[in-house]
Amino acid sequence: MAAKFDPPVWIGDQIRRAPLLERLRAALDNRLTLIHAPAGYGKTSLLAQWRDSLATSRVRTAWLSLERDDRDVKRLVRYLMLAIRGDEAEGAGGGPHPAELPPRAALSAILHELAACQLPFVLILDDLHHADSPQVTAFLQSMIRLAPAHCHFVFASRDYPSLGQSVLAAEAQFLEIDVTDLRFSEQEAETLLERAGRGLAAGDVDRILERTEGWPIAVKLTGLSLQRGVPQDEAMARFSGPSVELARYLSEQVLMTLPDETRDLVMQTAVLNRLTGELVNVLLERTDGGLLLERLEQQGVFLAPVTPNRDAYRYHQLFADCMRDRLLRVDRDLHAALQRRAARWFAEGGDIAEAVNHALQACDQALLAEILETAGGWRLIPQGQQGVVERGLAGLSKAAIAARPCLALAEVYLQIKTGELGLARASFDGFLAQGQDHLPAELQTEIQVVGDTLSDYENQPLRLEDLLAREALLRKLPANDHLVLANTSETVGAKYFEGGWLERALQPTLAARDHYQALGSLYSDLFTRFLESRIKRAQGRSIESAAILDEAWRQIVDNFGRQSDLAANCAAFQSVLLYELDQADEARALLAWALPHMERFDGWVDVYSAAYFTEARALAGAGALDEALDVVDRARRTALRRRLRQLELLADLCEIELLLMSEASLEVIHSRASAIGLDALADAMAEDSPGYRPVAVAAALCRGRLMLQEGLILEALAELGQLKRWAEAHGASRLLIDVNILLAHGQHELGDEAEARITFDQAVELAVFQGLSRPFIDAHAILQPLLDDAIAAGFGADRFREHFLKGLSRTLAATRTNRTLHGLSAAEGDVLYYLSQGHSNKEIARIIGMSPDTVKYRLKSVFRKIGVSRRRDAVRVSAERGLIPEPSLRTPPENDRLGDRTALSA
């Protein structure tokens with residue numbers, strides 16, 4: 001509705017409030033300005049005047065009037081984006097339509113839009129109280145906190161919202177205007193009352209101000225009463241101050257001066273928030289609705305046009321509230337009948353939000369249930385109308401919901417989306433227990449779709465036959481039902497990928513993209529690109545995977561911003577590829593902002609795994625095992641908070657992997673392996689459809705590595721051989737690199753040099769053209785004999801293989817030099833070296849890229865290992881024992897290349 005982006009047309013005729021406008025000049029020096037007061041204090045009028053005063057300045061403004069339905073965050077952000085884009089909204093071109101943005105992405109997109117504005121920018125939100133909800137409050141708090149410095153927010157509300165004012169006030173970034181400020185002065189009241197055309201006796205204005213306490217709407221209503229001939233004494237005698245009763249009395253005084261027919265028309269049309277000629281005709285069963293609205297406007301009953309061409313009107317809100325209350329008291333049945341007519345009219349026009357509002361006002365559960373069911377029930381939620389469904393279901397009894405399967409499914413889907421997975425499961429199972437076999441086939445399909453969605457959110461394991469059943473379901477759906485087809489296809493592709501059926505995963509993923517594009521949903525489309533990239537990587541096609549992510553990144557930056565949730569997800573998957581190219585510093589620079597961002601919002605197993613475990617492996621590879629294990633613990637906490645059992649198991653296995661990489665004691669590793677049940681997890685690899693295939697694969701790899709480290713070579717070869725056969729059958733070429741390196745080591749340990757060389761060459765062949773060196777570097781403890789043998793065997797004409805192997809040899813030599821220094825870890829050696837140069841803990845932290853607390857921890861470990869307790873003694877003893885090489889002889893620590901990590905991340 002275009003009228004939401006400007007004040008009501010009639011606002012310009014209000015009393016000019018010069019002192020307040022002067023105060024509002026300070027809004028451009030504050031992040032947040034809050035104007036709060038009850039109804040009728042002229043908040044909208046003041047803001048409109050102030051906005052007009054900025055028209056000739058170099059300040060860009062955006063106005064948005066809020067309504068009850070804007071409590072739905074998706075609806076709110078849609079209007080916010082349109083308000084901010086202003087005249088550019090129609091030509092936004094490649095940007096996504098705001099309707100498709102979920103709150104997190106919308107916040108990023110809005111911040112991106114604000115950052116692009118070169119001028120000081122003011123966002124005015126009027127009637128903020130209408131949109132009051134925890135979700136909206138949290139959204140606005142984030143927007144205020146994260147917006148660029150040139151942005152200023154000016155909000156008007158009847159109540160006092162919680163928007164972080166205390167922090168802003170402490171920073172001198174908060175301006176407040178309240179009831180005391182908004183009361184009419186004597187001069188303002190006198191100017192308004194003089195418009196009544198009645199001479200006022202001395203002291204009349206003072207008396208009216210005293211009685212009304214300067215309440216602008218009460219003064220205005222008094223003036224209108226006087227204008228219509230109501231004696232001043234009668235109008236004011238019963239009231240001592242502003243209240244709802246005063247507004248009601250004065251409104252009725254105005255109403256009583258109207259002809260009976262007009263009075264009835266006003267009460268009946270006041271049930272509508274916005275009035276058009278067509279809607280008035282339907283509501284009152286007339287044919288002259290447009291003319292009627294013009295006559296009512298002329299009769300001064302607080303009816304004002306909301307569009308310049310006067311094709312839509314609204315009553316003053318306080319006046320409308322009074323009229324609705326009056327109609328309820330006078331004729332409750334008529335009130336309900338009018339609300340029902342309005343509800344049906346809006347439902348037929350597709351405005352489900354308004355239809356639900358009027359059905360609720362009619363207290364007609366049957367009509368409300370019919371509207372929700374006809375509109376699609378649960379389908380409304382993924383279409384961005386979650387708030388409408390929530391409000392509608394709240395107005396229905398449990399029996400009314402249970403009587404309509406479409407609404408029962410809506411209740412389940414709403415519980416899913418609000419994070420109440422336990423309640424959703426109970427509701428869904430209870431729904432199924434009632435027996436639904438008698439329902440039509442299309443409804444049976446929808447039941448399956450909602451049930452599958454619930455299982456996906458619960459991260460429940462799926463068997464191949466389950467996925468085949470989902471594919472069969474896709475063939476039953478109408479070809480133009482893009483919403484359900486897209487969601488179902490995407491989940492089928494994701495589950496095939498998770499189960500290791502890589503070729504099967506690709507087709508439904510691409511089909512889902514086609515359906516999202518048909519819907520015009522770039523946001524959802526990008527998730528299919530993430531999935532396609534991960535499929536390509538698993539197939540050993542890392543270059544293609546990176547190209548897909550690069551293109552996705554460009555679209556994300558252009559449409560959603562560099563700090564959006566989509567950007568964080570993309571960065572997580574890019575970090576995996578960078579790490580495997582042995583660009584660990586670059587990977588960690590991406591994760592430095594992406595991982596904390598992801599932890600603040602909801603995610604899913606794969607993106608969490610990519611971020612947490614890449615960070616952990618990079619830290620462990622740099623010798624910082626303790627920090628790496630801390631990251632794994634963070635992953636566990638996220639898994640418990642989000643009820644992601646698979647992530648929890650993968651975190652346990654990552655810990656064992658890190659311990660094996662760091663050559664920890666077998667006693668420690670065995671203890672952890674026993675605690676998590678490693679054998680049972682690895683044995684699941686033999687099953688056709690284990691609960692979580694990624695967990696089974698990771699467990700089998702860990703057990704194979706552990707067997708090799710224990711010297712159980714034959715057992716390890718059997719374990720790894722089974723894993724290799726599975727990977728070859730499923731086209732999992734990336735996994736084959738890791739498996740072949742371990743197999744080659746086992747064959748070398750048995751003395752089978754020829755077979756070891758063949759197996760190692762297979763690993764190199766899979767990695768060389770993709771540039772995947774990190775799998776070999778992480779296997780540094782077992783790689784050198786295999787590498788020496790491969791180099792000794794010669795390269796023939798294969799210069800790519802020669803270049804790759806020689807590069808690995810140089811990297812391993814540098815890693816050995818830097819990895820350990822006389823019993824100290826590489827990280828401890830770095831800290832000790834810079835300590836000997838006289839640097840403080842903070843300086844060492846900046847140089848190396850650690851936190852000061854981590855430097856302090858490392859120093860304590862060094863002190864313990866060399867038997868000292870003071871910094872001076874540590875330097876002396878280390879020098880005496882030759883633990884500190886000359887600077888010219890020492891290879892600078894790998895982390896030195898980072899410089900200031902904060903600057904790089906920025």
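Computed from a predicted structure; not experimentally measured.
- Side chains of His748 and Ile782 form no contact here, defined as non-hydrogen atoms less than 4.5 Å apart.
- For the pair Leu743/Asn740, a side-chain contact is recorded, criterion being any heavy-atom separation below 4.5 Å from C-beta on.
- For the side-chain hydrogen bond (donor to acceptor under 3.5 Å, both in side chains) with Tyr579, the lone residue among Asp778, Thr614, Asp585 that qualifies is Asp778.
- For the side-chain contact (heavy atoms from CB on, under 4.5 Å) with Arg534, the lone residue among Leu502, Leu549, Asp606, Val576 that qualifies is Asp606.
- The structure places CG of Leu787 at 11.5 Å from NZ of Lys806, a figure rounded to the nearest 0.5 Å.
- Just one of His597, Glu586, Glu615, Met598 meets the side-chain contact (heavy atoms from CB on, under 4.5 Å) condition when paired with Leu591; it is Glu615.
- Residues Leu649 and Gln646 have side chains not in contact (no heavy-atom distance under 4.5 Å, counting atoms from C-beta outward).
- Side-chain contact of Asn841 with Arg871: a donor-acceptor pair under 3.5 Å is present, judged by distance alone.
- The aromatic ring centres of Phe530 and Trp604 sit 6.0 Å or more apart.
- Side chain of Glu755 to main chain of Asp752: no donor-acceptor pair is present (N/O by atom type, distance under 3.5 Å, no hydrogens or angles).
- The line from CD1 of Ile741 to CG of Leu736 is 11.0 Å long, rounded to the nearest 0.5 Å.
- Screening Ile416, Thr453, Leu423, Leu454 for a side-chain contact (heavy atoms from CB on, under 4.5 Å) involving Phe428 leaves a single residue, Leu454.
- Annotation for Ala611 and Ala572: closest pair CB-CB, 4.0 Å, computed over non-hydrogen atoms.
- Of the inter-residue distances, the one linking Leu742 atom CG with Lys724 atom NZ reads 11.5 Å to the nearest 0.5 angstrom.
- Distance check, rounded to the nearest 0.5 Å: CD of Glu728 to CD of Gln762 gives 7.0 Å.
- Here the side chain of Ser878 pairs a donor or acceptor atom with the backbone of Ala874 at under 3.5 angstrom.
- Between Arg634 and Glu599 a salt bridge is recorded (basic side-chain N to carboxylate O distance below 4.0 Å).
- Between Ser455 and Arg425, some side-chain heavy-atom pair lies under the 4.5 Å cut-off.
- For the pair Ser836 (side chain) and Tyr833 (backbone), a donor-acceptor distance under 3.5 Å is present.
- In this structure, a donor-acceptor pair under 3.5 Å is absent between the side chains of Glu490 and Thr509.
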### Message
Working note: Leu812 + Gln784, criterion side chain to side chain contact (heavy atoms under 4.5 Å, CB included); need CA distance, chi angles, decisive distance, verdict.
### Response
CA-CA 8 Å; Leu812 284 181; Gln784 194 63 56; 3.7 Å; yes
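- The nearest pair of heavy atoms linking Ile535 to Phe497 is CG1-CD1, 3.7 Å.
- Atom CG of Leu650 sits about 10.0 Å away from atom OH of Tyr692, to the nearest 0.5 Å.
- Ring planes of Trp501 and His730: tilted class, angle from 30 to 60°.
- Here the side chain of Ser533 pairs a donor or acceptor atom with the backbone of Ser545 at under 3.5 angstrom.
- With a 4.5 Å cut-off on side-chain heavy atoms, Leu678 and Cys702 count as touching.
- Atom CZ of Phe804 and atom CD of Glu765 lie 12.0 Å apart (nearest 0.5 Å).
- Side-chain contact between Phe527 and Leu531: absent, with no pair of heavy atoms (C-beta onward) separated by less than 4.5 Å.
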>> Go through it in stages, so that I can follow the logic: the residues are Arg636 and Asp652, the test is side chain to side chain contact (heavy atoms under 4.5 Å, CB included), and I'd like the CA-CA distance, side-chain angles, deciding distance and then a yes or no.
In response: CA-CA 8 Å; Arg636 285 197 189 93; Asp652 291 337; 2.8 Å; yes
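- Scanning all heavy atoms of the two residues, the minimum distance from Pro775 to Arg734 falls at CG-NH2, 3.3 Å.
- The local environment of CZ in Arg876 is crowded, with over 12 non-hydrogen atoms from other residues, nucleotides or ligands closer than 6.0 Å.
- A donor-acceptor pair is defined here as one N or O able to donate and one able to accept, closer than 3.5 Å; such a pair exists between the side chain of Ser662 and the backbone of Leu658.
- Scanning both residues, Val631 and Tyr612, for their nearest heavy atoms gives CG1-O, 3.3 Å.
- With no hydrogens or angles considered, a side-chain donor-acceptor pair links Glu503 and Gln539 at under 3.5 Å.
- Taking 4.5 Å as the limit, some side-chain heavy atom of Asp683 sits within range of a side-chain heavy atom of Arg703.
- A donor-acceptor distance shorter than 3.5 angstrom exists from the side chain of Gln770 to the backbone of Ser542, with no hydrogens or angles considered.
- Scanning both residues, Ala698 and Leu653, for their nearest heavy atoms gives CB-CD1, 3.8 Å.
- When all heavy atoms of Asp789 and Glu753 are compared, the pair lying nearest together is OD2-O, 4.4 Å.
- Side-chain atoms of Arg617 do not come within 3.5 Å of backbone N or O of Glu657 as any donor-acceptor pair.
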Run the side chain to side chain contact (heavy atoms under 4.5 Å, CB included) check on Leu629 and Leu619 step by step: do they pass? CA-CA 9 Å; Leu629 295 178; Leu619 285 166; over 6 Å; no
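- A search for salt bridge (Lys or Arg N to Asp or Glu O under 4.0 Å) contacts involving Arg504 returns Glu471, not counting sequence neighbours.
- Put simply, the side chain of Arg705 reaches to within 4.5 Å of the side chain of Leu701, judged on heavy atoms.
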Donor-acceptor pairs under 3.5 Å, side chain of residues 707-716 to any protein atom, not counting sequence neighbours: which ones?
from	atom 1	to	atom 2	distance (Å)
Glu710	OE2	His670	NE2	2.1

